[in-house]
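Notes to accompany the following structure.
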There are 2 protein chains.
Amino acid sequence: MASERERPSGTGGERPSSAERRTPGQRAGLTRDAVMAAARAALAQDGVDGLSMRRLARRLGVAPNALYSHVASRDDLIDALLDDTLGEVRSPDPSRGDWRRGIETMTRRTYDVLLAHPDLVPLYIARRGARGPVAVALGEQMLAMLARGGIEGDEATEALRTLIVHTIGFAAFATGDTLPPGPSALTPRALERLFARSLGWLLDGIAAEPRARS
Amino acid sequence: MASERERPSGTGGERPSSAERRTPGQRAGLTRDAVMAAARAALAQDGVDGLSMRRLARRLGVAPNALYSHVASRDDLIDALLDDTLGEVRSPDPSRGDWRRGIETMTRRTYDVLLAHPDLVPLYIARRGARGPVAVALGEQMLAMLARGGIEGDEATEALRTLIVHTIGFAAFATGDTLPPGPSALTPRALERLFARSLGWLLDGIAAEPRARS
DNA sequence: ACCTGAACACCGTTCAAGT
DNA sequence: ACCTGAACACCGTTCAAGT
């Protein structure tokens, strides 16, 4: 369906680049945002294979090395992509409802965002999550909710880590093929219920842990 | 310390290949086992970068395409490597002790084996585990233990999947750098305790689930 | 500062040969 | 059946130039 060679129009960031050949020194009007938009479009159309610097450059109608004026490296680009994507997670009102429900909805929304970008999930794992400002903000909100449940300090760090591992881990298995030996592949619906249920088990354990009294 | 260019002696599978240049048709004495041994040695010395077909071939003193006589593709080689490595997990006597302890020790041993091969962990995740005969056998032992606890059918499949996600997920975070936002990096010891504790939470949940009576 | 051309040092894989 | 030589279609990144 989607031709990929010679169709400059698209989701975002592409250049015409047909006849107008540039000589060294001529600007192409590239920006970091345009590069990032092209990366998102490439990911959507061609999967993770589309995220090579050379294919991105082709898509933008520039020489491969032109990208390095706006992005430090391919790793830098991917890190930014991962962090940006987490921005799609709407965080619930941190002061409303009980802390456990807040964590459940936030975790579930993160899970949904990850499932919406299946090609990125292996990258989240390979880089062990995101470290950008969005990820930091998300983590701080989770810590605030845990604090409202009386969980703080090292305990909160550990609980957060457990929840992150659980969320990314399940997203990885939901987006992949079958892992567990045996023919019984769970449906996405069943997997999501399992995710929610096992999340409940973890929260039971987190809430029940003996804590140093404040 | 370890030179990598011109030292044919090593852990396993390397060839002399110095003066003896072969012409097409001359055998190099390669076997699939030799290729796999070279892959393990390359992984240990050079990390995952050492697992390229061309570097493997250099290490073995053969042309790059010679490997394809013993291995279908790079993916095939890596799948075999992942499954083989799981063979290091000693499974406890399945008929001794209570089922929960059996699962705990088996899960913990798997965790330890994964930590012993940190470079492989991202590969396990990217491929969502291993699907070879060793992985299948391991899964069946886990299912047998769950069955002794009265957990069978879909419930057992779901429990097994949860445990696998939990184990590989924690291994990924233990072998990686810090993920969770904030400066508080957990020590390996603390992480292992957290792994064991959260495993306990999951098993509590698995054991407490209402079940259809047999 | 932003871009091109050319190059470097790589990849996985295939195809046609040789024994 | 097992191997080599050569090739194809790629990579990420750097360096020297041009405006």
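Just so it is clear: chains get the letters A, B, ... in the order the sequence lines come, proteins before strands, and each one is counted from 1.
Leu86(A) is listed as a side-chain neighbour of Tyr124(A), based on a closest heavy-atom distance under 4.5 Å. Arg131(B) places none of its side-chain heavy atoms less than 4.5 Å from the side chain of Val136(B). Using a 4.5 Å cut-off on side-chain heavy atoms (C-beta onward), Thr107(B) and Ile164(B) make no contact. Within the 4.5 Å cutoff, side-chain heavy atoms of Arg40(B) are placed close to those of Asp84(B).
For dA1(C), the OP1/OP2 oxygens have no side-chain nitrogen or oxygen of His70(A) closer than 4.0 Å. The phosphate of dG18(D) (OP1 or OP2) has no side-chain N or O of Thr23(A) nearer than 4.0 angstrom.
Distance CE (Met53(A)) to P (dT13(D)): 6 Å, rounded to an integer number of Å. One can place CG of Leu67(A) at 12 Å from P of dC11(D), the figure rounded to the nearest angstrom. Atoms CZ (Arg32(B)) and C1' (dA1(D)) sit 16 Å apart, rounded to a whole Å. At whole-Å resolution of the value, CG in Asp49(A) and P in dG12(C) are 14 Å apart. The distance from atom CG of Leu56(A) to atom P of dC10(D) is 15 Å, rounded to the nearest whole Å. For Tyr68(B) and dT4(D), the OH to C1' distance is 15 Å, given to the nearest whole Å.
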Checklist entry - What dot-bracket string describes DNA chain C from 5' to 3', counting Watson-Crick and G-U wobble pairs whose defining distances are under 3.5 Å, with [ ] for crossing pairs and | for pairs to another strand? => result ||.|||||...|||||.||
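Remark: side-chain polar atoms of Asp79(A) are not paired, donor with acceptor, to backbone N or O of Ala130(A) under 3.5 angstrom. The main-chain N or O of Gly50(A) is never found under 3.5 Å from a side-chain atom of Arg55(A) such that the two would form a donor-acceptor pair. Judged purely by atom type and a 3.5 angstrom limit, Arg54(B) has no side-chain atom pairing as donor or acceptor with the backbone of Pro64(B).
Residue Arg55(A) places its side chain closer to dC11(D) than to any other of dC11(D), dC3(C), dC3(D). Closest approach to the Arg58(A) side chain among dC3(D), dC10(D), dT4(C) is made by dC10(D) (side chain taken as heavy atoms from C-beta onward). If you check dG12(D), dT4(D), dT13(C) against the side chain of Ala66(B), the one that comes closest is dT4(D).
Along DNA chain D, the nucleotide nearest Pro64(A) and the nucleotide nearest Pro24(A) are compared for position; the residue whose nucleotide lies closer to the 5' end is Pro64(A).
Across all strands shown, Ser52(A) has heavy atoms under 4.0 Å from sugar-phosphate atoms exclusively, and none from any base.
Between Arg108(A) and Glu104(A) there is no salt bridge, since no side-chain N of the basic residue sits under 4.0 Å from a carboxylate O of the acidic one. A salt bridge does not link Asp154(A) to Arg161(A): none of the charged nitrogens lies less than 4.0 Å from a carboxylate oxygen.
Of the residues in residues 73-82 of chain A, none lies under 4.0 Å from DNA chain C by heavy-atom distance.
Taking atom P on both nucleotides, dC10(C) is separated from dA9(D) by 22 Å, rounded to a whole Å.
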With a cut-off of 3.5 Å and sequence neighbours excluded, list every side-chain donor-acceptor pair involving residues 194-201 of chain A.
residue	atom	partner	partner atom	Å
Arg197(A)	NH1	Glu209(B)	OE1	3.0
Arg197(A)	NH2	Glu158(B)	OE1	2.6
Ser198(A)	OG	His166(A)	NE2	2.9
Ser198(A)	OG	Leu194(A)	O	2.7
Ser198(A)	OG	Phe195(A)	O	3.2

Scan the side chains in residues 70-77 of chain B for donor-acceptor partners under 3.5 Å anywhere in the protein, sequence neighbours excluded, and list what turns up.
residue	atom	partner	partner atom	Å
His70(B)	NE2	Leu30(B)	O	3.0
Ser73(B)	OG	Asp75(B)	N	3.4
Ser73(B)	OG	Asp76(B)	N	3.2
Arg74(B)	NE	Leu51(B)	O	3.0
Asp75(B)	OD1	Arg127(B)	NH2	2.9
Asp76(B)	OD1	Arg32(B)	NH2	3.4
Asp76(B)	OD2	Arg32(B)	NH2	2.8
Asp76(B)	OD2	Ala72(B)	N	3.0

Under 3.5 Å, sequence neighbours excluded: what are the donor-acceptor pairs made by side chains of residues 111-122 of chain A?
residue	atom	partner	partner atom	Å
His117(A)	NE2	Glu88(A)	OE1	2.8
His117(A)	NE2	Glu88(A)	OE2	3.1

Can you give me the N/O atom pairs linking the protein to nucleotides 6-8 of chain D at distances under 3.5 Å, or say none if there are none?
residue	atom	partner	partner atom	Å
dA6(D)	N6	Asn65(B)	ND2	3.3

